[in-house]
2 protein chains.
Amino acid sequence: MTDNHTSAEMVGERLREVILRGELHPGEKLHQNRLAEQLGVSRTPLRTALAALANSGLVVYESNCGYRVREFSPEQIRGAFIVRAELEALACMLAAPNMTEALSKQLFDLVAEGDRLLADGHLLEESHAPYREMNVRFHKLIQTIAGNPWIADFVARLHNVPLTSDRIILWEHWKIIHRSHDDHRRIAEALSHGNGMRAGAIMREHVLFAMDYLLSQLNSQPEGTLRIVPDRAKAQNRKTSKRKP
Amino acid sequence: MTDNHTSAEMVGERLREVILRGELHPGEKLHQNRLAEQLGVSRTPLRTALAALANSGLVVYESNCGYRVREFSPEQIRGAFIVRAELEALACMLAAPNMTEALSKQLFDLVAEGDRLLADGHLLEESHAPYREMNVRFHKLIQTIAGNPWIADFVARLHNVPLTSDRIILWEHWKIIHRSHDDHRRIAEALSHGNGMRAGAIMREHVLFAMDYLLSQLNSQPEGTLRIVPDRAKAQNRKTSKRKP
DNA sequence: AGAAATCAAAATGGATCCAAAATTGTAATT
DNA sequence: AATTACAATTTTGGATCCATTTTGATTTCT
C-alpha cells in the first residue's frame, strides 16, 4: 500500500515516524552528514526528504543553518485540536447528505469492532493497536464520505504534531474510553439518519474533550504514562547567537 | 521581508508565482533539465524546490516519473472555498475575545482604505493592486488576531489553488465589489463589539458568495475576463501508460 | 497489418565533489 | 580578564557525474 520506492520517500517516511514517536527531540538539530550515514543513504535523498518535511510542518528550516525538529508550544497543540474539532465537525455536516445504506453499514461495522474490543469491560494491552486503528479508520471514513479532500489533508497535517498524532491513545481510564466510543456510536447513528448538524456537534465535543484530557495529562504528569512528552530537560544547547561581524 | 537567500528558496517562490499565475498549465510535465536551464540553476536546488512544492500541493510527484503541475477539478475548487469559509469564520470567532482598541483601529483603517479606493463609485484600474493588497491584509489581520497559526497556514494553502489565489480579483461588477467591501465593514464592527458569532456568520457568507460568483464566471465564460483559466485545450499529451515488462 | 519484443534516447534518482557560509577555537589586543 | 579579531574546522548549498528506470521508436514475428 504505502510502498514508496525512492530512497527519498523511504527516508522521509522513516524520519516522520521517528519524529512523531519522539525519538528526535523538538528543537534538535538535524545534521545532514550524521543522519545520512545513520540512515544509510547519501545526503541528496535526505535533503529531498527534509525539504518535504519542512513544508509538512515537522521540521523547520533556516537558510544556511539547516533543519531542526519543530517544537510546538502547548498553545499550538491546543490550537491544533480546536481546528481539528471544527474540520471534523464540518466533515460530518458534509457527509450527512452523502450517506447510503452501504456507508452506514461500514460505519456501524467499525462501531461493532470497537464493541468487541471493549467487550471485557476494559481494553486489553494487546487490543490497543487494533482499537487505535479502528479509531483512525472511523474518522477517516467520515472524511471520505464528506468528499472534500482538503479536510482529510488538513486533519492529517494536524496529526503531524507529536502529541496529537493519531497513533497515541493515552486514555487509560475506562470511563473516558467508553464515553469516547459511545460518541462514535452516536455519530454513526446521527449520520445514518442524515443529521449532519447533530453528528457534527457530537464530533466537535468528541475532539475538544480529547484535547482537554490530553492537556490535563500533560500538565499533571509531564512524564508518566507518556514517554512521548518532549523532554524539555534534554532539549539541549541551542545558541541562537546572531552577531553581525 | 521575504528575502530568501538560497537558490532553492528563490526557485521555489518563482515557480509558485508562475504556477499560480497560470503560466504553467495544470497537468504539464516539469522537465528538470529544461526548467533548471530556464531558471539558471542546476538541477539540485530545483529538485529541492519541487520536493517542497509537492508537499505544499502545487505540484504532484510520482516515483520515477517526476513532477507535474497539479490540476484541480471545479469540485476541488469548490471544496477549497467551503473549507476556507469555515476556517475564516472560525478565525472570527477566535478573534473576537482578543480584540483591543488598537486592533479595532487597525481593522477600521483597512476598511477606510477600501472606502478611499472605492470613493469614486467604481474601482479604477490602477487601484486594483492596492485594493487586492488591502483585502489580503484585512483577512490576514483577523487570522493574526485569532492567534491560531494553523488557521492562517491552512487558509494560505487553500490559496495555493490557481483560481482561488488571493491575487485574483475578478469582481468587475460594482455591486458585487461594493457588497464585498460592506461585508468587511460589518465584520470589523461585529468584531470590535466582541461579537464573534456574528462576524463569523458574515465572513462565512462573504467567502461562500465569492465561491458562487467565481464558479458562475467559470461556467459562463471559460475564457473571458479571466485569462487565468487553465486552457484545457492546451492540456497536452499525458499518456498514463502503465505496462509491466 | 498488428502486436510484441528489442534497442536507443532521455529523464529521473542518487552519490560525489566543490564552493561558500557558519560555527568553533585560538590568539592577540585593550 | 574580557573582548575582539582571526584562522581552522565543520556544515550547508550547489554543480557535476553516474546508474537505473522510463519512454519512444524501430524491428521482428505471428
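In what follows, every heavy atom counts, from backbone to side chain, and hydrogens, waters and symmetry copies are set aside. A quick note: this is a predicted structure, and the numbers were derived from the prediction, not measured. Here is the naming used below: chain letters follow the sequence lines, and residue numbers restart at 1 for every chain.
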- Message: Starting the side chain at C-beta, find the nucleotide from dT12(D), dT22(D), dA11(C) nearest to Q32(A).
- Response: dT12(D)
- Closest to the S7(A) side chain, choosing from dG13(C), dA11(C), dG14(C): dG14(C)
Write down the distance between [atom1] ([X]) and [atom2] ([N]), rounded to a whole number of angstrom.
| X | N | atom1 | atom2 | answer |
| --- | --- | --- | --- | --- |
| R68(A) | dT23(C) | CZ | C1' | 12 Å |
| H5(A) | dG14(C) | NE2 | C1' | 17 Å |
| Y61(B) | dT12(C) | OH | P | 10 Å |
| E62(B) | dT22(D) | CD | P | 10 Å |
| N64(B) | dG14(C) | CG | C1' | 11 Å |
| L30(A) | dT12(D) | CG | C1' | 13 Å |
| E9(B) | dT12(D) | CD | P | 15 Å |
| N33(A) | dA22(C) | CG | P | 18 Å |

- If you count the non-hydrogen atoms of other residues, nucleotides and ligands that lie under 6.0 Å from CD in E101(A), is the total more than 12? no
- Task: Using salt bridge (charged side-chain N to carboxylate O under 4.0 Å, His left out) as the criterion, list what pairs up with D212(B), not counting sequence neighbours.
- Result: none
Using side-chain contact (heavy atoms from CB on, under 4.5 Å) as the criterion, list what pairs up with [X], not counting sequence neighbours.
| X | answer |
| --- | --- |
| R47(B) | T44(A), Q32(B), R43(B) |
| A152(A) | Q143(A) |
| A51(B) | T48(A), A51(A), Y67(B) |
| E37(B) | none |

- Task: Starting from the 5' end of DNA chain C, give me the residue, H31(B) or C65(A), whose nearest nucleotide shows up first.
- Result: H31(B)
- Item | N/O (side chain, Y67(B)) to phosphate O (OP1/OP2, dG13(C)) under 4.0 Å | no
- Query: Using a cut-off of less than 4.0 Å, is there contact between a side-chain N or O of K29(B) and OP1 or OP2 of dT12(C)?
  - Reply: yes
- Task: Give a yes or no answer on whether the side chain of N98(B) reaches the backbone of I145(B) with a donor-acceptor pair at less than 3.5 Å.
- Result: yes
- Would you jot down, in residue-number order, the residues of residues 40-50 of chain B having a non-hydrogen atom under 4.0 Å from DNA chain C? R43(B), R47(B)
- Give one of base, sugar-phosphate or nothing for L35(B), where a contact means two heavy atoms less than 4.0 Å apart. nothing
